[in-house]
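See structure below.
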Amino acid sequence: MIGILLGAGILGIIIALMEEGEFPGWWSMIACVLASLIPAAIVNAFLPEGLFIIGLAVGAVCAGCMISALCGMSVKRAIIAAAIYLAIQTVISTILYFLISR
């Protein structure tokens with residue numbers, strides 16, 4: 001749950017910076033985070049580990065559509081925001097993996 005809230009905060013900041021406005025709201029950001037993580041996890045469950053980028057791309061497209069619907073962004077800008085979010089999440093996950101595996 002903390003990861004979802006952290007992800008919603010990161011995504012909200014990305015959208016606020018891109019739109020030069022205010023934070024879009026917690027509930028819409030949580031919905032957008034779930035729209036990115038659930039499809040990515042499902043796709044990655046059926047793919048080999050080396051092809052995780054395909055799952056991230058599917059998650060970015062799904063999240064981009066949700067962001068566009070909830071925040072009023074164009075689909076292109078929403079997918080860019082979702083891709084930035086998933087790149088940041090990948091970096092954070094990698095850092096945590098290496099810290100925990102020590």
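Below, all heavy atoms of this structure are taken into account, side chains as well, without hydrogens, waters or symmetry copies.
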Between Ala82 and Gly64, which heavy-atom pair has the shortest distance, and what is it?
CB-N, 3.9 Å
Where do Ser36 and Tyr85 come nearest, in terms of heavy atoms and distance?
OG-CE2, 3.5 Å
Distance check, rounded to the nearest 0.5 Å: Leu86 atom CG versus Leu37 atom CG?
7.0 Å
Taking Thr94 for its side chain and Thr90 for its backbone only, find out whether a donor-acceptor pair lies under 3.5 Å.
yes
Could you work out, with side-chain contact (heavy atoms from CB on, under 4.5 Å) as the rule, every residue matching Ala8, not counting sequence neighbours?
Trp26, Met29, Ile30, Val33
What are the two closest non-hydrogen atoms of Ile67 and Cys32, and how far apart are they?
CG1-SG, 3.6 Å
Quick one: closest heavy-atom pair of Ala31 and Leu70, and the distance?
CB-CD1, 4.0 Å
Residues in side-chain contact (heavy atoms from CB on, under 4.5 Å) with Ile54, at least two apart?
Val43, Leu47, Leu51
How long is the gap from CG on Asn44 to CG on Leu56, to the nearest 0.5 Å?
6.0 Å
Which heavy atom of Val58 sits nearest to which heavy atom of Pro39, and what is that distance?
CG1-CB, 4.1 Å
Interatomic spacing from CD1 in Ile10 to CD1 in Ile84 - rounded to 0.5 Å
12.5 Å
Please report the interatomic distance CG(Leu96) to CG(Leu99), rounded to the nearest 0.5 Å.
6.5 Å
How would you list, by chain and number, every residue that makes a side-chain contact (heavy atoms from CB on, under 4.5 Å) with Ile38, sequence neighbours excluded?
Leu34, Ile42
Looking only at heavy atoms, the pair that brings Ser68 and Val75 closest together is OG-CG2, 3.5 Å
